[in-house]
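Since the model is a prediction, treat every value here as computed from it, not as a measurement.
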Amino acid sequence: MDSPFDITLLIVLTVVSGIAAQVLGDYLKVPSIVFLLLFGILLGSDGLGVLHPNLLGEGLEVIVSLSVALILFEGGLNLELRELGRVSTSLRNLVTIGTLITLIGGGMAAHWLGEFPWPIAFLYAALVVVTGPTVIGPLLKQVQVDRQVAALLEGEGVLIDPVGAILAVLVLDIILNGDADPVRLISGLVLRLGIGGAIGAAGGWGMGFFLKKAEFLSEELKNLVVLAGLWGLFCLAQGVRDESGLMATVVAGIVLRSASLPEERLLRRFKGQLTILAVSVLFILLAADLSLASIIALGWGSLFTVLALMFIVRPINVWLCTWNSGLNWRQKLFVCWIAPRGIVSASVSSLFAILLTQRGINGGDSIKALVFLTIILTVFVQGLTARWVAQLLRVTSTKATGAVIVGSNPLSRLIARLFQERGESVVIIDTNPEACKLAEEENIPIFLSSALDTNVLDEAGLASIGTFLAMTSNGEVNLVLAQRAAEEFQPPRVLAIFPRDPQASPPTNKAKINQPFMPDVPSKAWNEYISDGEVKLGETLLKEPGFAFQEAHLQALIRSGELVPLLREREAHLQVVPASETWQPGDRIIYLLHDPKPKLLRRLSGANNSRLTLEKLPAVEEIPIPAAVLETALEEVKAES
């Protein structure tokens with residue numbers, strides 16, 4: 001049964017089923033970990049009996065070790081340090097105080113509810129301290145939450161993994177050797193973290209230095225150099241001090257990210273693909289090796305143990321660690337809800353079960369079963385409900401407010417002022433000193449700089465702002481700026497005024513970029529109208545009765561060039577109107593109406609010096625437009641409905 005073909009078939013089936021689970025999760029917008037667990041159990045010994053991970057022998061431990069090192073390195077490489085800076089206190093507390101709270105709370109729950117002996121109970125608690133990036137990362141890709149919450153959860157998942165793994169090893173050492181000296185325990189933890197951190201920092205800096213100097217290397221070879229380097233650092237740290245390798249890989253990833261390599265995006269993409277493959281293989285293999293009978297044999301007490309960990313220990317942990325943070329109660333509640341366990345818990349518990357059995361200590365298989373029960377419950381319950389909970393608590397990134405506007409012109413300054421009047425943060429970026437001075441006179445925050453500089457965008461707060469709007473006088477520049485902002489910061493709404501060329505092939509991420517206001521908006525003309533005082537600023541509320549007529553009338557005015565919609569308020573959220581917007585009853589539309597006047601009348605009324613204010617104009621549908629234009633619009637609305 002252990003012929004080379006059997007092992008080959010095992011690896012091939014594992015990879016195929018793992019990637020199939022990833023594809024299915026991506027298609028159904030469900031965390032892929034759910035399907036990885038299902039497929040692994042289905043194909044394992046308690047299912048169809050197709051996969052037999054025991055064929056790999058000690059090779060399984062090697063695969064697990066190198067894969068976890070890769071996963072944690074990729075997690076460190078993807079950490080946004082500027083985002084972590086905003087939640088640094090809470091993150092530090094979660095990794096330190098939070099670890100202790102989970103260790104004590106989880107141990108008490110396992111002892112009192114699961115009826116495990118105290119040593120085994122605390123070993124279980126040490127194993128489930130971690131919330132791995134293998135689960136958090138894919139989950140946050142499916143559920144777009146606001147940047148502060150995402151940064152806190154990602155940072156916790158990456159940084160707590162090595163801490164939890166080392167802590168579990170120390171607890172196991174106490175069980176095997178009977179030495180429970182707290183000084184030795186703490187010094188062992190600090191020593192391993194320190195050695196791993198030092199080796200990782202030196203190695204990450206060395207890789208960054210080499211890649212910058214080695215211009216003769218191709219892009220593909222540079223990616224492989226990093227892969228070889230991170231595994232080399234992992235083995236070096238493990239050789240110096242066992243269990244310090246995980247910390248080395250995390251720190252190496254963080255340091256390499258800070259080196260600002262020109263090829264960083266390609267490197268992160270390559271490592272991301274390898275991580276997906278590693279996660280797929282590991283979860284399938286470890287789930288296939290799981291005995292469902294051992295989980296069922298745990299009884300109700302173990303189920304209550306996991307529920308206590310999820311609904312009592314985790315909330316206490318989060319609320320204490322984020323007590324003085326800037327997070328609101330909704331954000332804290334979402335962080336309480338999201339704490340799925342991942343591959344580190346699964347792999348280390350599998351290894352510990354073998355070690356305990358070899359030493360003749362009972363409880364190894366039970367610990368493994370309880371850890372997998374924790375993984376299954378947290379992944380299924382929290383993973384499948386994360387999107388619904390995020391929407392219920394209103395912490396999705398689509399709810400982010402405020403705007404960063406590139407280009408200081410009359411129209412952009414008017415939009416900025418409308419955002420300000422709603423109490424939302426807004427910033428304008430421009431390279432023209434005179435245009436910037438006009439924005440300053442209107443008390444609008446302004447950056448005299450190029451929006452191509454990501455440091456300027458970061459300083460402007462784009463990482464936590466909901467809308468990026470590029471509306472300079474150059475449409476091609478606007479599109480480039482919008483693409484850059486979408487790639488680097490991924491704000492929920494990216495809009496740019498750019499010419500539409502039906503013959504041109506769209507950029508790869510152009511689907512994320514919308515035109516604002518109306519298709520091919522003549523911004524130059526509307527800027528002149530505002531400067532000459534030939535506009536009125538009005539609003540209209542779209543109502544259920546007569547909605548089709550209202551919409552048709554609005555579209556007709558837009559096509560005739562008499563009206564441009566600026567902002568839309570829906571469910572108390574103010575947003576720039578995309579040209580492709582589908583309006584709904586209940587929307588409040590803020591618009592500019594072209595209102596030409598004789599020059600003498602404008603001078604007498606002081607139009608050029610007046611500040612535009614939102615007026616209660618007559619209902620939009622009462623504004624006269626040519627009958628032919630209105631009939632055409634009505635026919636189009638009927639055809640769409």
Side-chain angles (χ1 to χ4, degrees), residues 61 64-79 81 84 88 91-103 106 123 125-137 152-173 185-204 229-257 271 275 278-279 282 321 339-352 371:
E61 184 182 340
V64 169
S65 299
L66 294 179
S67 298
V68 170
L70 174 63
I71 291 165
L72 291 181
F73 175 81
E74 197 256 348
L77 195 65
N78 284 330
L79 282 182
L81 296 183
L84 293 182
S88 57
L91 181 58
R92 181 199 62 211
N93 292 341
L94 283 172
V95 175
T96 54
I97 300 171
T99 299
L100 184 61
I101 292 172
T102 305
L103 178 66
L123 181 59
L127 288 167
V128 296
V129 157
V130 299
T131 60
T134 56
V135 188
I136 294 291
L152 183 59
L153 288 171
E154 287 176 343
E156 180 193 17
V158 171
L159 297 178
I160 207 171
D161 261 13
V163 176
I166 293 171
L167 181 63
V169 169
L170 294 176
V171 174
L172 177 68
D173 189 44
L185 183 68
I186 296 173
S187 62
L189 177 64
V190 173
L191 184 62
R192 284 174 167 88
L193 291 175
I195 291 174
I199 292 175
L230 83 91
W231 277 341
L233 290 173
F234 174 74
C235 289
L236 175 62
Q238 288 288 96
V240 174
R241 188 77 177 190
D242 61 308
E243 301 309 319
S244 63
L246 296 183
M247 190 64 185
T249 59
V250 170
V251 174
I254 294 173
V255 172
L256 189 61
R257 170 69 181 265
K271 291 297 180 287
T275 297
V279 170
L282 289 186
C321 293
R341 272 56 181 182
I343 201 68
V344 172
S345 295
S347 57
V348 177
S349 66
S350 299
L351 175 62
F352 284 8
V371 168

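Taking A126 as the reference, L103, L167, A168, V171 meet the side-chain contact (heavy atoms from CB on, under 4.5 Å) condition, with sequence neighbours excluded. Residues satisfying the side-chain contact (heavy atoms from CB on, under 4.5 Å) criterion with L189, sequence neighbours excluded, are I166, L170, L193. For V190, the side-chain contact (heavy atoms from CB on, under 4.5 Å) partners two or more places apart in sequence, or in a different chain, are I186.
Each of L77, I71, N78 was evaluated against K271; a single residue qualifies, L77, per the side-chain contact (heavy atoms from CB on, under 4.5 Å) test.
With rounding to the nearest 0.5 angstrom, the CG atom of L152 is 10.5 Å from the OG atom of S88. The CG atom of D161 lies 7.0 Å from the OG1 atom of T131; values are rounded to the nearest 0.5 Å. A distance of 6.0 Å separates OG in S244 from CD1 in I195, rounded to the nearest 0.5 Å. Here the SG-CD1 distance, from C235 to I199, works out to 11.0 Å after rounding to the nearest 0.5 Å. Taking CZ of R192 as the start and CD of E243 as the end, the distance is 7.0 Å to the nearest 0.5 Å.
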Go through L246 and F234 one step at a time and tell me if the side-chain contact (heavy atoms from CB on, under 4.5 Å) criterion holds.
CA-CA 7 Å; L246 296 183; F234 174 74; 4.0 Å; yes

One pair to check against side-chain hydrogen bond (donor to acceptor under 3.5 Å, both in side chains): Q238 and D242. What are the steps and the verdict?
CA-CA 5 Å; Q238 288 288 96; D242 61 308; over 6 Å; no

Could you walk me through whether T99 and I160 pass the side-chain contact (heavy atoms from CB on, under 4.5 Å) check?
CA-CA 8 Å; T99 299; I160 207 171; 3.6 Å; yes

Pair L94-L159, side-chain contact (heavy atoms from CB on, under 4.5 Å): steps then yes or no:
CA-CA 10 Å; L94 283 172; L159 297 178; over 6 Å; no

For V68 and S347: C-alpha separation, side-chain torsions, deciding distance, then whether side-chain contact (heavy atoms from CB on, under 4.5 Å) applies.
CA-CA 9 Å; V68 170; S347 57; 4.2 Å; yes

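Closest non-hydrogen pair, L70 versus T275, comes out as O-OG1, 4.1 Å. Closest approach of R257 and L79 over heavy atoms only: NH1-O, 3.5 Å. Of all heavy-atom pairs between S345 and S349, the closest is O-OG, 2.9 Å. Scanning all heavy atoms of the two residues, the minimum distance from L91 to G155 falls at CD1-C, 3.4 Å. Shown here for G204 and L233, the closest heavy-atom pair between the two residues is N-CD1, 4.2 Å. Nearest heavy atom pair, residue V344 against residue A165, reads CG1-CB, 4.3 Å.
Looking at F73 and V250, their side chains never come closer than 4.5 Å, going by heavy atoms from C-beta outward.
Looking only at distances, a side-chain donor or acceptor of R341 sits under 3.5 Å from a matching main-chain atom of V128.
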